[in-house]
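Working notes for the structure below.
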Amino acid sequence: MTEKNGNFYLSTAIHYANAAPHVGHAYEAVLGDIIARYERSRGRDVFFVSGTDEHGEKNIRAAAKAGLSPEEFVGKNSAFFRDLYRELGLGEHAFIRTSDKEMHWPGAALLWKKIEAAGDLYKGVYKGLYCVGCESFKLPKELKDGKCPDHNTYPESIQEENYFFRLSRHRDKMKALLETGEIAIIPAFRKAEVLSFLEEGAEDISFSRYKGEIPWGVPVPNDDEHVMYVWCDALASYISALGFGRENEKKFEAFWPADIHLIGKDILRFHAVIWPAMLLSAGLPLPRSIMVHGMVLSGGHKMSKTIGNVIDPREYIARYGKDAFRYYLGREISPFEDGDFTGEKFIRAYNANLANGLGNFAARVIAMAEKYFGGKIGQSSEDVPLLSTTQTVLENHKTEWYSIPYVVEHITAPHYHGYFENREMHKAFDEAWSLLSLLDGYITDYEPFKLIKTNPEKTQAVIWNLLYGLFYVADFIAPLMPDTAETLKEHIGAKIGTDGVPESFEARPLSAPLFARIETKEGRAEK
RNA sequence: CGCGGGGUGGAGGAGUGGUACCUCGCAGGGCUCAUAACCCUGAGUCGCCGGUUCAAAUCCGGCCCCCGCAACCA
């Protein structure tokens, strides 16, 4: 197996390009970007990839409906995704399109050939319900009262010859790999779900479609009559993105296997069972972990146009900024459970934690530094310990007294990194806000705005501690809110000492509030 | 008996054996550096019934009610 030397490979799912992205897509991208930025800050070389799944009959039909060719149609939607990622402020990342003949097709073809060479492909008969009006197969759940909802006719039961993948052959091996954790499912409670899929049986799956019906796809190697069905087409993007199947591409050797495939719970089966089985068959290394996030609901319901609870990510980014939007997705929603996104909740969280919490704290500290000392705060020899009894952060640490640097180094940082290791990012960020709350308490402890009148030296030490704390708050939230972290650090003006921690500060006042309060009196809070 | 998640102060959520935590809201107090912000205090039979335990929101059994998934929809 390849030694990756600290290289880190993270993928989101590739998204079906039949419509513009919604908040769920934004959510997955932000989670991925948070992990990518964190791993980079830990010194890893990170390859982060997302993309669009562009083939399949649904796209052909949607394109026809829009009066466009499939190429034009998916090109448009794919561009929406790339635009969204830019608006979300994703850091360095790759973007793979399955219709890309140069980047993607060679990898998909090579994977197919390897699976075929392993003897895991055979021709069999695919049985399905076929709607003549749609000219396509229908799944039972797509039907209404047994009829095609578009044509109000009963579909015919017909058969066609397809290639099949011997998934059944890999069932036991897959079970073992999941049970031992060689392929880790994060969070662990999802593992039971996957194992129960395998218990129910992993039957061979249809792996191709007739080209006559669906010409829009990756051709099956050495067979003009078939195109690949979604499995080998879409899933192969995880390795084609690294250059698998292309010459002069070294990324595959450097980055594969994936450290994390980040996916939604709805597609867990394919990623935990079918994809590893395909790799197993092809003799390729298996992904190390599959991280499964929940769905973003709105008002407790799946978003739908009928209910009218669809959240448009671009609207929020445009109104409140990308960092505020990222904040909500990354901290207010657990990465593993379903989350709820409503305008009301967003505004509440924004006001409480960004305007009142972070923004206001930064403003008051920097203002005092500026007003009392012209912004220049040198290190003081005076100890100014915390006096407040805030226990949330201090539990289990029985020392005589706590200094801000002690809390940051021995309490906040270890907790923060511990949570990140488990990918509980929302909890990691909670630590930053706990620190913030403790720093607010510290101001109450010493009342520097009073102290300045009697003891300027001690006041300076207090402000030094506050700026020191704020510097680390900025550091901790950097993966979540990169722009805000940068702005904060600019205005804190820390001079870093030889041991890598801030020694003195040259604070510059903020020209405008970091996060202005959102006033809701006039009922502007939408549902 | 398909699989899974959930029912916690007025609202929304964290919390898987040992003084019940957070946000919003409400009541009272403090402070004035700051974005009417910040700090402190107050209020909860943890869906129902039974069991295990020195100890249960947390474990076990039963019941009631919500919600997802169930082969390509993040």
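Sequence lines set the chain letters: A, B, ... in the order given, protein chains first and strands last, and positions in each chain run from 1. Bear in mind the structure is a predicted one, so any value in this text is a computation, not a measurement.
With both pairing distances under 3.5 Å, B/A14 is matched to nothing as a Watson-Crick or G-U wobble pair. Across all strands shown, B/A57 has no partner, as no Watson-Crick or G-U wobble contact with both distances under 3.5 Å is found. Pairing of B/A71, defined by two Watson-Crick or G-U wobble distances under 3.5 Å, is not identified with any nucleotide.
In this structure, the CZ atom of A/Phe336 is 15 Å from the C1' atom of B/G5, given to the nearest Å. When rounded to the nearest whole Å, the span between CH2 of A/Trp433 and C1' of B/A14 equals 17 Å. Put simply, CD on A/Glu28 is 14 Å from P on B/C73, counting in whole angstrom units. If you take CD1 of A/Ile263 and C1' of B/C73, they are 14 Å apart, rounded to a whole angstrom. Per the geometry, CD1 belonging to A/Ile333 stands 12 Å off C1' belonging to B/A74, to the nearest Å. Computed from coordinates, the A/Trp464 CH2 to B/C33 P distance equals 25 Å when rounded to whole Å. In this structure, A/Asn351 places its CG atom 14 Å from P of B/U23, rounding to the nearest Å. Rounding to whole angstrom units, CG of residue A/Asn360 and P of B/A36 are separated by 8 Å.
Comparing atom distances between the A/Pro513 side chain and each of B/C33, B/U35, B/G13 picks out B/U35 as nearest. Nearest nucleotide to the side chain of A/Asp440, out of B/A74, B/G13, B/C38: B/C38. Taking every side-chain heavy atom of A/Ile274 into account, B/A71 is the closest of B/A74, B/C33, B/A71. Closest to the side chain of A/Tyr16, from the set B/C31, B/U35, B/A74, is B/A74. Which of B/U35, B/G15, B/A74 sits closest to the side chain of A/Lys427 comes down to B/G15. In this structure, the nucleotide among B/C38, B/A74, B/U23 sitting nearest to the side chain of A/Ala352 is B/U23. In the set B/U35, B/G12, B/A71, the nucleotide with an atom closest to the side chain of A/Arg517 is B/U35. For A/Arg364, the listed nucleotide lying nearest its side chain is B/C33; candidates were B/C39, B/C33, B/U23. Considering only the side chain of A/Ser437, B/C39 comes nearest among B/C39, B/G13, B/A71. Residue A/Arg348 places its side chain closer to B/C24 than to any other of B/C38, B/U32, B/C24.
Comparing A/Gly264 and A/Asp204 against RNA chain B, the residue whose closest nucleotide sits nearer the 5' end is A/Asp204. Remark on RNA chain B: of its neighbouring residues A/Ala516 and A/His293, the 5'-side contact belongs to A/Ala516, judged by nearest-heavy-atom nucleotide.
For A/His15 and B/A74, the shortest distance from a side-chain N or O to OP1 or OP2 is not below 4.0 Å. Regarding contacts with the backbone of B/G68, every side-chain N or O of A/Lys265 stays at 4.0 angstrom or more from both OP1 and OP2.
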Verdict with supporting geometry, A/Leu88 and A/Ile317, side-chain contact (heavy atoms from CB on, under 4.5 Å): CA-CA 7 Å; A/Leu88 286 169; A/Ile317 295 168; 3.7 Å; yes

Candidate pair A/Glu344 and A/Thr342, rule side-chain hydrogen bond (donor to acceptor under 3.5 Å, both in side chains), full reasoning: CA-CA 5 Å; A/Glu344 217 173 298; A/Thr342 64; 5.8 Å; no

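Cation-pi geometry between A/Arg331 and A/Phe429 is not met: the NZ or CZ atom fails to fall both under 6.0 Å from the ring centre and inside 45° of the normal.
Taking the ring centroids of A/Trp464 and A/Phe373, they lie at or beyond the 6.0 Å cut-off.
Separating the C1' atom of B/C24 from that of B/C63 is a span of 34 Å, rounded to the nearest Å. Going from the P atom of B/U41 to that of B/G5 covers 37 Å, rounded to whole Å.
A/Ile477 places a side-chain heavy atom less than 4.5 Å from the side chain of A/Trp433.
Between A/Asp83 and A/Arg86, at least one side-chain nitrogen of the basic residue sits less than 4.0 Å from a carboxylate oxygen of the acidic one, meeting the salt-bridge criterion.
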